[in-house]
Amino acid sequence: MKILMVCLGNICRSPLAEGILQHKVQQEGLSWTIDSAGTNGYHVGEEPHHLSQKVALLHGIDISHQRARRFTAADFIQFDKIYAMAEDVLAAMQRIARKDFDAAKVELLMNELYPGKNMDVPDPWYGTEPGYHEVYTMIDKASDKIIEKYRVSNI
Ligand code: 4NP
């Protein structure tokens with residue numbers, strides 16, 4: 001499995017999602033590829049937000065090596081499954097990928113936990129530390145579901 005996590009800036013939510021899922025994949029001994037990207041280019045090349053790094057580290061996950069990159073249409077060729085953190089992210093992915101947008105590969109992350117509810121992982125960018133803890137918990141639970149669902153696809 002090759003899984004991509006996508007948010008707007010690739011500095012708050014999707015770096016956490018990449019780190020959390022990567023951590024679980026390692027714990028399970030799965031040879032999956034996990035990456036993340038953002039639909040806007042404002043933070044390309046930057047490391048994750050310091051509060052995303054702090055919250056991840058509190059759970060024993062070091063995400064300091066990650067660097068923000070922009071989501072591209074070619075990601076639809078590279079990845080088997082692409083998770084959008086929110087509906088505005090999904091809309092931006094459609095604008096970027098245009099004819100290459102493959103709806104069969106895309107899902108809102110929280111639909112793994114609450115199917116069909118179309119819930120967003122809230123953007124913590126303008127908020128304070130508790131928002132990052134809330135985001136961590138949501139992504140952690142959804143990541144458990146992803147492992148459970150695709151564990152048989154150990155490719
Ligand atoms: P993220 O949060 O999408 O979770 O990385 C954001 C970070 C930066 C911006 C927006 C959202 N920004 O507009 O700069």
Side-chain angles (χ1 to χ4, degrees), residues 1-26 32-98 100-103 105-147:
M1 281 295 284
K2 294 193 176 94
I3 298 179
L4 182 67
M5 301 294 197
V6 185
C7 65
L8 297 174
N10 194 207
I11 53 165
C12 300
R13 291 166 291 180
S14 61
L16 271 176
E18 176 185 337
I20 291 168
L21 187 58
Q22 180 69 59
H23 186 70
K24 292 181 190 295
V25 158
Q26 271 161 5
W32 296 1
T33 297
I34 315 297
D35 195 11
S36 64
T39 53
N40 73 43
Y42 304 151
H43 299 278
V44 167
E46 292 179 22
E47 58 186 66
H49 191 281
H50 70 98
L51 289 174
S52 287
Q53 292 198 41
K54 178 180 175 180
V55 170
L57 214 47
L58 285 172
H59 294 271
I61 303 173
D62 182 358
I63 60 169
S64 63
H65 62 281
Q66 292 185 31
R67 294 294 176 269
R69 74 162 176 93
R70 188 132 195 249
F71 171 79
T72 72
D75 285 319
F76 276 104
I77 298 161
Q78 287 294 316
F79 292 91
D80 302 309
K81 193 79 201 172
I82 303 179
Y83 288 105
M85 296 299 126
E87 289 198 294
D88 57 348
V89 175
L90 197 58
M93 285 167 62
Q94 278 173 311
R95 285 197 296 273
I96 291 168
R98 300 163 68 109
D100 294 320
F101 186 86
D102 182 352
K105 288 189 174 181
V106 179
E107 186 58 276
L108 283 171
L109 179 67
M110 293 313 289
N111 276 347
E112 291 292 1
L113 206 50
Y114 307 109
K117 295 270 186 254
N118 295 339
M119 266 178 67
D120 287 353
V121 176
D123 187 350
W125 171 246
Y126 296 103
T128 53
E129 185 170 333
Y132 289 78
H133 288 278
E134 182 193 350
V135 163
Y136 184 97
T137 302
M138 293 175 82
I139 294 172
D140 186 53
K141 288 181 184 160
S143 296
D144 282 338
K145 287 283 180 191
I146 293 170
I147 296 275

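Reckoned from all heavy atoms, side chains included, excluding hydrogens, waters and symmetry mates. Residue numbers count from 1 along this sequence. Everything quoted here is computed from the prediction, not taken from an experiment. Numbering of ligands and ligand atoms starts at 1, following listing order.
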Practice problem: Go through the structure and list residues passing salt bridge (charged side-chain N to carboxylate O under 4.0 Å, His left out) with K141, not counting sequence neighbours. | Solution: none
Quiz item: Just which atoms of ligand 1 are under 4.0 Å from any heavy atom in Y42?
Solution: 12 (N), 13 (O), 14 (O)
Quiz item: Is ligand 1 under 4.0 Å from a heavy atom in the side chain of N10, in the backbone, in both, or in neither?
Solution: backbone
Practice problem: Note the single closest protein heavy atom to atom 1 (P) of ligand 1, along with its residue, its atom name and the distance in Å. | Solution: C7 SG, 3.4 Å
Quiz item: Hey, does C12 come in under 3.5 Å of ligand 1, counting only N/O atoms on both sides?
Solution: yes
Self-check item: Distance-minimising heavy-atom pair for F76 and K105
Solution: O-NZ, 2.6 Å
Practice problem: Flag R13 as yes when one of its N or O atoms lies below 3.5 Å from any N or O atom of ligand 1, and as no otherwise. | Solution: yes
Self-check item: Candidates R69, R70, K2 - the one meeting side chain to side chain donor-acceptor pair (under 3.5 Å) with D75
Solution: R69
Practice problem: Could you check whether the rings of Y136 and H59 sit parallel, tilted or perpendicular, using 30° and 60° as the cut-offs? | Solution: parallel
Quiz item: Which ligand 1 atoms, with their elements, are less than 4.0 angstrom from a heavy-atom of I11?
Solution: 5 (O), 7 (C)
Quiz item: Can you list the residues that meet the side-chain contact (heavy atoms from CB on, under 4.5 Å) rule with E107, with sequence neighbours excluded?
Solution: K81, Y83, N111
Practice problem: List the closest protein heavy-atom neighbour of atom 11 (C) of ligand 1: residue, atom name, distance to the nearest 0.1 Å. | Solution: D123 OD2, 3.1 Å
Self-check item: Under-4.0 Å heavy-atom contact with ligand 1, by part of H43 that carries it
Solution: side chain
Exercise. Show your reasoning for whether salt bridge (Lys or Arg N to Asp or Glu O under 4.0 Å) applies to D140 and K24.
Key: CA-CA 9 Å; D140 186 53; K24 292 181 190 295; 2.8 Å; yes
